[in-house]
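Take a look at the structure set out below.
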Amino acid sequence: MSIVASRIAKRFGSYQALDNISLTVHSGELLALLGPSGSGKTTLLRILAGLDFADTGSLEIDGRETLGLSPRERQVGFVFQHYSLFRHMTVFDNIAFGLQVRARRDRPSKAAIAERVHQLLDLVQMEWLADHYPAQLSGGQRQRVALARALAIEPKVLLLDEPFGALDAKVRKELRRWLRRLHDEMHITSVFVTHDQEEALEVADRIVVMSQGRIEQVGTPTEVYDTPATAFVFDFLGNANRLEVEVTDGRAHLSGLALDLPIRLAASGPAIAFVRPQDVDIGKTVEATMAPAVVRSIVTIGPTARFELDVGGHLIEAVVDRERSRGLDLAVGDHCGVRLGQVQVFSRSS
Amino acid sequence: MADLAVTGPLSFGWRVGMLNRRSVLPGFGLSFGYAVTYLSLIVLVPLAGLMIRSVGMGPAAFWAEIASTRVLAAFRVSFATALAAAAINTVFGLLVAWVLVRYRFPGKRVVDAMVDLPFALPTSVAGIALTTLYSTKGWIGALLVPLGIKVAFTPLGIVLALTFIGLPFVVRTVQPILQDLNIEQEEAAFSLGATRLQTFIRVIFPALLPALMTGFALAFARGLGEYGSVIFIAGNIPRVSEIVPLLIVMQLEQFNYAGATAIATTMLVFSFLLLLMINLLQGWMRRRHG
């Protein structure tokens with residue numbers, strides 16, 4: 001059951017929330033819409049569900065034009081960030097809701113509904129909580145009930161809006177791994193919205209990176225992480241040092257420091273270079289191909305140590321593991337060498 | 001040590017524990033004492049006086065005062081009209097609250113302010129205005145004559161007056177709850193395939209029910225005690241459209257204090273039982289749904 005969205009646009013007053021979005025979600029994949037708040041990712045998801053309306057564009061779900069259909073005709077499962085369970089209904093009744101509201105001729109028998117609900121409760125591992133009310137459940141349990149409720153109607157596609165956003169860090173990790181396993185079993189075409197790159201990189205088959213109502217890049221987690229298409233994607237996917245450079249003859253120059261690197265950028269002129277903190281190499285002394293630097297601060301965070309280095313007036317962040325940090329034996333104010341690996345340069349216009 | 005002594009196994013009951021529980025909010029003793037004193041002076045003492053007076057009468061005399069057909073009929077009229085008016089207000093008050101919360105229209109603020117008018121207007125003014133409109137020669141009453149409907153000077157008129165008086169109670173209790181209702185719940189219901197009607201009946205209405213019940217209880221209690229507006233429109237025909245508060249005033253005018261006390265006490269007990277029932281039902285619902 002694929003989703004094909006083409007040239008979808010949406011304005012809120014003078015604000016362009018979505019700017020000609022075209023996107024294909026393949027049958028059976030788990031796709032992440034990743035972007036900062038205001039990037040339009042939730043608006044796009046809500047348009048897919050029929051909870052918001054596109055100004056222009058078309059949308060096909062399972063080969064059928066869908067934009068004109070109401071949410072209830074779309075057979076789309078939607079999971080809300082804040083669960084939105086029906087508070088006055090038990091877990092059982094919440095999950096059964098979608099089946100109970102069907103027109104009489106399509107409605108399964110009471111026994112069939114009960115059987116289906118128990119299957120789903122089993123699937124989300126909550127069989128023993130069937131008679132509880134949402135108020136009696138933890139956040140993670142509520143979200144699993146919300147998922148079971150959405151799956152009860154046997155939706156063509158499953159849409160999840162920041163499904164783990166309201167949970168604490170530990171539960172969040174557990175639940176997203178569980179969701180990935182669940183998806184591997186069920187293979188239901190799913191789209192989930194998140195602003196957490198780690199979550200998208202870990203869970204999704206493919207990631208759509210969005211910014212300001214546009215799609216920046218679509219690709220597998222490895223593709224978007226290793227070969228970001230734009231400066232925005234590089235910056236958004238994990239921490240990066242951002243350096244303003246000059247490109248001449250295929251070489252990037254940072255004032256006072258020559259980066260002798262093969263870069264993909266042909267055009268000369270001002271550009272932006274990105275390098276991830278873990279790709280910055282530190283030497284006890286200034287070795288060959290290294291630039292001299294001064295240590296400004298050292299913070300140890302769990303198994304890694306974060307250095308802030310002053311390289312010819314530019315502050316560069318480096319992350320090394322703790323063992324290496326001990327081996328370097330550097331203190332704040334010490335002189336050292338620095339080498340930038342894996343530098344990506346984007347021209348200023350992109 | 002003092003704390004240990006109170007909360008430990010040697011403390012004498014939860015009551016002491018409650019009073020001594022530590023809290024960051026100061027002034028529990030003062031505010032609690034003030035609240036109890038205030039309630040006693042304003043509510044409890046007058047009602048207790050009423051009870052003592054009626055207990056002093058002895059059961060036979062008490063029974064004799066309230067068992068007349070006229071008194072019983074007045075009870076029937078009072079309770080039936082107050083219930084009917086509260087029920088009408090529950091339906092239409094919900095509608096008014098719904099329109100005020102869900103839609104934007106010109107003059108919304110004015111309509112919103114109008115809802116409170118029955119609170120502010122002297123009830124006798126309302127009674128006289130309604131009587132003028134609904135008497136057989138009034139603007140609206142005249143239109144109803146061909147249909148064979150008489151409003152003024154019948155129990156229907158009492159229901160009308162009580163509906164006017166009780167409307168703000170339902171609107172003002174339901175409005176904030178409706179305002180806070182999460183739109184996502186409705187979206188969830190839609191996406192699960194529910195129609196608008198199903199969403200209202202199965203999702204919105206249950207969420208509003210506790211507030212509706214509070215509004216109903218308030219409107220009902222207000223209707224039971226209402227005097228000013230009703231006596232103008234009711235016609236006060238004994239055994240037909242005579243309400244209990246009027247009967248009490250009449251007993252007082254005839255210096256039959258025992259009679260007035262007995263009727264008032266009976267009214268008090270029944271009202272209290274009804275309100276208590278509604279409260280218990282609400283508490284039960286709240287405990288279930290958190």
Side-chain angles (χ1 to χ4, degrees), chain A residues 42 45-46 48-52 69-90 93-103 106-107 131-137 142 145-162 166, chain B residues 90-91 94 97-98 101-105 170 173-217 277-290:
Chain A
T42 294
L45 193 79
R46 288 174 60 85
L48 297 183
L51 298 174
D52 256 325
L69 299 181
S70 74
R72 51 185 298 264
E73 294 164 318
R74 291 191 189 194
Q75 287 177 280
V76 158
F78 199 94
V79 176
F80 294 85
Q81 179 177 3
H82 298 288
Y83 332 119
S84 286
L85 294 177
F86 305 128
R87 290 174 7 155
H88 58 281
M89 295 183 201
T90 59
D93 288 331
N94 262 285
I95 297 173
F97 184 87
L99 299 171
Q100 286 170 349
V101 295
R102 282 191 187 167
D106 303 325
R107 194 188 310 153
D131 298 330
H132 284 57
Y133 285 90
Q136 299 166 299
L137 306 179
R142 286 181 208 182
V145 174
L147 190 66
R149 183 178 70 174
L151 289 173
I153 59 169
E154 287 171 348
K156 291 176 178 164
V157 296
L158 185 63
L159 307 175
L160 308 104
D161 183 13
E162 302 252 7
Chain B
T90 306
V91 175
L94 171 61
W98 182 272
V101 171
R102 289 291 168 111
Y103 304 110
R104 247 184 268 162
F105 53 90
V170 177
T173 46
V174 174
Q175 214 174 357
I177 306 295
L178 201 53
Q179 213 124 38
D180 290 345
L181 210 62
N182 196 344
I183 192 95
E184 277 190 2
Q185 299 242 324
E186 286 162 58
E187 290 179 342
F190 285 146
S191 76
L192 289 167
T195 61
R196 287 192 178 272
L197 185 66
Q198 283 171 325
T199 305
F200 182 81
I201 293 172
R202 304 182 65 135
V203 176
I204 302 173
F205 186 72
L208 295 179
L209 196 56
L212 277 173
M213 280 171 63
T214 306
F216 176 85
M277 241 164 57
I278 294 172
N279 261 317
L280 289 176
L281 202 61
Q282 263 184 321
W284 174 75
M285 282 181 4
R286 211 160 277 153
R287 265 197 309 284
R288 268 183 72 198
H289 311 315

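Since the model is a prediction, treat every value here as computed from it, not as a measurement. Throughout, a chain's letter reflects where its sequence line sits, starting with A, and its residues are numbered from 1.
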Taking it one step at a time, do B:Asn182 and A:Phe80 satisfy side chain to side chain contact (heavy atoms under 4.5 Å, CB included)? CA-CA 12 Å; B:Asn182 196 344; A:Phe80 294 85; over 6 Å; no

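Heavy atoms of A:Ala150 lying under 4.5 Å from chain B belong exclusively to its backbone. Proximity to chain A (any heavy atom under 4.5 Å) is shown, for B:Gln185, by both the backbone and the side chain. In this structure, chain B has heavy atoms under 4.5 Å from both the backbone and the side chain of A:Gln100. When heavy atoms are compared at a cutoff of 4.5 Å, A:Leu85 approaches chain B solely by way of its backbone atoms N, CA, C and O. For A:Phe86, the parts lying under 4.5 angstrom from a heavy atom of chain B are both the backbone and the side chain. With a 4.5 Å cut-off on non-hydrogen atoms, B:Thr199 does not touch chain A at all.
In plain terms, the two heavy atoms of A:Phe78 and B:Ser191 that are nearest each other are CB-OG, 3.9 Å. For the pair A:Ser84 and B:Glu184, the tightest heavy-atom approach, listed with the atom from each and the gap, is OG-OE1, 2.8 Å. Shortest non-hydrogen contact noted between A:Arg149 and B:Ala188 is NH2-CB, 3.5 Å. Closest approach of B:Arg202 and A:Val101 over heavy atoms only: CD-CG1, 4.0 Å.
Interface check for chain B: of the options A:Arg72, A:Glu73, A:Arg46, A:His82, the most heavy-atom pairs under 4.5 Å are formed by A:Arg72.
A 6.0 Å sphere centred on CZ of A:Arg107 holds more than 12 heavy atoms belonging to other residues, nucleotides or ligands.
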